[in-house]
Structure formats: C-alpha cells, structure tokens
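First the structure, in the form of structure tokens, and then the observations on it.
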Amino acid sequence: MKELMYEGKAKKVFKAENENEVYIYYKDDATAFNGVKRSKISNKGILNNEITEILFIKLGKLGVKNHFIKRIDDRTQLCQKVDIIPLEFIVRNYIAGSMAKRLQIEEGTKPSNTIFEICLKDDELGDPLINDHHAVALNICSYEELHHMYKMANKVNEILSETFIKEGIILVDFKIEFGKNNQGEILLADEISPDTCRLWDSETLEKLDKDRFRRDLGSIEEAYIEILKRIK
Ligand code: UDP
C-alpha cells in the first residue's frame, strides 16, 4: 500500500519509492462552486489522467518544463515532487465564467488581448482574485518568479490553443498551477484537462468541459471522451 500524502478534490498524492517523486491518482469526484456542488463523473479520473499525460508530454517536448514523468496505470501518473505555489494562473482567450459574470460581458466575447489573472489558492477564502503586488506581499513568490510563470503560462496558451484548434476545439480559458522541485526550479504542475479548461467545439460552440457539470448540461463523460479522442 502506498502512503497517502495528500488528498484533494479530484486527486490523491502518494509517496513514491524515490523521495523526489510522487504518484498522482486521478479520482472520479467532481466539485464546483468551491466544493458546494459535488458528484462523481464516471471514468473522469481515467480520462483526465490520459488527457493530462498527452498535453504535458507535448508541452515538455516544446520546452515547457513540467512535473510529469510517466503514466503508471489508467488512473495514476509518476511526477516530480513539487511544493505547489499557492496561485492559480488563469488565461483567457475569450470571456466566460467568472469574468463574464463579474464584469457583465457576454460569454464568448473575444478581447483584444490575452487576459492573465492570478487567484490565491485558498478554499476558505474562495480562491480570491489577487494581483502581483498582493502575491509578493503575501510572500508567495518574487516579482521575478511571477514574470517567469506568466511567460510559461503564455507559452502554454500558445501551444495548447494551436493543439486544440487543429482538432476543431476553441481553448476559451484555462487554469494552471506551478510548483518548485527540490532544486528550486519552477515547473508546470497539477493537471490540464476538461476540469481545468473551457473547451468549445469550433463549429457548434458546444461546451466540451466541466461547464457541462457546473451548468447541468448532461453528457459530461461523453464530452471528456470526445476531447481525448480528438487530441489522441
Ligand atoms: N478553473 C479551475 N479551477 C478553479 C477555478 C477555475 O480549473 O478553481 C478554470 C475553469 O475551469 C476555467 C478557468 O479556470 O477554465 C477560468 O475560470 P473562471 O475564473 O471563469 O471561474 P469559474 O467560472 O470556473 O468559477
């Protein structure tokens, strides 16, 4: 039995044989609205494990350093152990979700520039939107580290937008996280999946992501299967 180090909403992290590595196990649990809405989506863990594997391998090949080492089984991957930097980096190519609501802008509006946001990872506070100065003042990271992470987020956006559009999918927005390995190097970490991205079919604008769960649109598993099928 592997030793559990941490259990989150969608994944469990276990100790690995090498102290610089961890096993990440993808669950079927789905939560939304800061944990208020909870359910299970059949096979979500299997689908997100494989989708994340494909995207992290691709990003790694194109120079985005990340924690992924290899897939172990249908729900587990071996990753470098990192200390997660408690920030969520959100990148928006189109307006949707919380930004559409907060600023009363119609979903699907294309802004003239790519929008980058950071939120403090703190469930009790509801992951509040903060800015660079807050992050530095809270001793989360330095301005130089922020600059580096924004640059990585921009590169992730360029690579993923191109990858998805070739398969007829618009990358509307997404969230990524970073961590520091034992060398102090900043790596892309966590996952990239329909749980963490908004993905719309480019022909029909059909939502193929977690909004199907958040908004009770049905056919959630089918949407995740469709994303995997197209990027595979
Ligand atoms: N997102 C995420 N985890 C979070 C918050 C947001 O993965 O805790 C993703 C979400 O799926 C979307 C993007 O980040 O692709 C932007 O989310 P938004 O700020 O619009 O918030 P939401 O509408 O998801 O509450």
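Both ligands and their constituent atoms are indexed starting at 1 by order of listing.
Using a 4.5 Å heavy-atom threshold, the side chains of K65 and L188 count as separate. In this structure the side chain of E53 reaches within 4.5 angstrom of the side chain of F68, judged on heavy atoms.
Residues F178 and F89 bring their aromatic ring centres within 6.0 Å.
In this structure, ligand 1 sits under 4.0 Å from heavy atoms belonging to E88, I90, R92, A96, G97, S98, D127, D173, F174, K175, D195, T196, C197, R198, R214.
Residues forming a side chain to side chain donor-acceptor pair (under 3.5 Å) with K121 (at least two apart in sequence, or on another chain): E177. Checked against side chain to side chain donor-acceptor pair (under 3.5 Å), D201 has the following partners two or more places apart in sequence or in another chain: T204, R230.
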Validation: residues 145-153 side-chain donor-acceptor distances under 3.5 Å, sequence neighbours left out:
unit_1: E145; atom_1: OE1; unit_2: S142; atom_2: N; d: 3.0
unit_1: E145; atom_1: OE2; unit_2: K180; atom_2: NZ; d: 2.8
unit_1: Y150; atom_1: OH; unit_2: D132; atom_2: OD1; d: 2.5

